[in-house]
Amino acid sequence: MSNQTELIKQLVEKRAAARLGGGEKRIADQHAKNKLTARERIGMLLDEGSFEEYGMFVQHRCTDFGMEKNKVDGDGVVTGMGTIDGRLVYVAAQDFTVSGGSLSESQAAKICKVMDMAVRNGAPMIAINDSGGARIQEGVNALAGYAEIFQRNILASGVVPQISGIFGPCAGGAVYSPALTDFNIMVKDTSYMYLTGPTVVKSVTGEDVDHEQLGGASVHSTKSGVAHFAAENEQDGIQTIKNLLSFLPSNNREEAPFKDSCDPAGRVDDALNDIIPDNPNKAYDMYGVIGSIVDDGIFLEVQKNWAKNIIIGFAHMNGRSVGIVANQPAVLAGVLDINASRKAGRFVRFCDAFNIPLVTLVDVPGFLCGTQQEYGGIIANGAKLLYAYGEATVPKVTVTLRKSYGGAHIVMSSKQLRGDINYAWPTANIAVMGADGAVGIVYSKELKAAATPEEKAALKEEKKKEYDELFCNPYKAASYGYIDDVIEPRNTRFRVIRALESLADKKLQNPARKHDNLPL
Ligand code: HXC
């Protein structure tokens, strides 16, 4: 065997050893927990044969706690580039079979390398997290490694899409990088996100809580809103990442890819002419409207089980990727509260950063009032959504279906927040508030002065009717030009598509400044 042949044989053997990570026993343990290995995950994520790995032979440099005898090529993370549907992406998948995927200085350097490449080359960065956090044996070097990653997450924000898969326990530093990225996809029953696990919680707060209750996908997709998607299993999680990418551009200089569809742009839907109940206090399901107007009824909903009074997600309209924001009258009457404002505010900012037009469907009775909301900061949180819409320069098309009252009217992509095209259905009510509240305030003296309860009720009814006629329609707003046109509901799809097409080359810039100061 020539020297060269021998060296090539060594390389092949070294590669094979590196591919085994922490070894067959730990891979079997990983499978026994219903989890895949880092390489199996990358294999499912990327187009076949497209993966180019970098840093396969990187090792840690720690010599404390006997770590010099515990070195594994790759050091607990698999990094590189590949394609998804033919589009370039960069990936870093932590390998739990090597020191529980914990982050060493060297592991961090590998992750940072691909993050830098993603930004330089304008491609999405996908991190699959499965890690016990900072590698304890490396002390401050591991912390420094996390800080390097966080700094890059921050600088990449709004430049390339950053997506985090949470595919195992993620503790400590392992949760903050995902928190800085655009989307977190958790896997039900096998992934957890928390600052510290149940044992530390017990010792610090005395609270008895298990992994799932503390930071499972169920918690973060329904209570905290930290997870944008809760996947049924890892395959579903990987598919969600791919679906999500199909709506996104590769970077902030590009438009999202077009998706051909056989769904005619001019399709009308008569059912929409009957969807609004006669009783203004009766709910209907906004999903019916979204499904009716988008291409092929396909809607990728984000944070679907958190703050369900507002709906956000991606769809295509005549092939163009759009971000949909819609009040949901079927949940809390579609009111804007703290969580709904945070949810939609961040989504609007994401779409704006990545040139994705916004389609806003409005049926909102107002902001939720009361001590719980005030103490929780509804003022500052509501302002986040207001700020996000006012700041956004992407095309903004708004359709008011029914209620649009007060501050919530302004917030939901109104004309004065630079809404480009604002349509209303004939069922729209655009006013400071509904008739009941308005009459109670404007005619309080007269109502108090009524001689009998019957007289009071009759006066109230009469004034409500007057108010309804004057304000509870779209024509007052249309008469001032705040609404560009009152449209037949059945025509909503093609009117919105036409609007979006007219706005395809929209140019609008905010004033130059170091950065804005949105109410965090
Ligand atoms: C070094 C670690 C590790 C870590 C796990 N391991 N976490 N090694 N540093 N942080 C190792 C274990 O020693 C073990 O090695 C292997 O990984 C698998 O771990 P197990 O505990 O056997 O697995 P499991 O029972 O599945 O539990 C997983 C876990 C648990 C829930 C993640 O390991 C855990 O609680 N780890 C610590 C989590 C934590 O508190 N991290 C915070 C770090 S501080 P062997 O060789 O025995 O197989 C931090 C601060 C950053 O991250 C702050 C930035 C803002």
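Every number for a ligand or one of its atoms is a count from 1 in the order of the listing. All values derive from a computational prediction rather than experimental measurement.
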Taking the six-membered ring for Trp, are Tyr192 and His220 closer than 6.0 Å centroid to centroid? no
Looking at Glu53 and Arg39, does any basic side-chain N land under 4.0 Å from a carboxylate oxygen? yes
Students often mix this up, so state it plainly: with edges at 30° and 60°, are the rings of His228 and Phe183 parallel, tilted or perpendicular? perpendicular
Describe, in one word, how the ring planes of Phe350 and Phe354 are oriented to each other, choosing from parallel (under 30°), tilted (30 to 60°) and perpendicular (over 60°). tilted
For ligand 1, what N or O to protein N or O distances fall under 3.5 Å?
unit_1: ligand 1; atom_1: 9 (N); unit_2: Ile136; atom_2: N; d: 3.0
unit_1: ligand 1; atom_1: 10 (N); unit_2: Gly132; atom_2: O; d: 3.1
unit_1: ligand 1; atom_1: 10 (N); unit_2: Ala134; atom_2: O; d: 2.9
unit_1: ligand 1; atom_1: 17 (O); unit_2: Gly100; atom_2: N; d: 3.0
unit_1: ligand 1; atom_1: 26 (O); unit_2: Lys33; atom_2: NZ; d: 3.4
unit_1: ligand 1; atom_1: 41 (N); unit_2: Gly132; atom_2: O; d: 2.8
unit_1: ligand 1; atom_1: 46 (O); unit_2: Arg26; atom_2: NH2; d: 2.9
unit_1: ligand 1; atom_1: 48 (O); unit_2: Arg26; atom_2: NH2; d: 2.7
unit_1: ligand 1; atom_1: 52 (O); unit_2: Ala134; atom_2: N; d: 2.9
unit_1: ligand 1; atom_1: 52 (O); unit_2: Gly173; atom_2: N; d: 2.8

Can you check whether Val58's main-chain N or O pairs, donor with acceptor, with Lys110's side chain at less than 3.5 Å? no
By the definition side-chain hydrogen bond (donor to acceptor under 3.5 Å, both in side chains), identify the one residue from Asp116, Asn121, Thr79 that meets it with Tyr90. Asn121
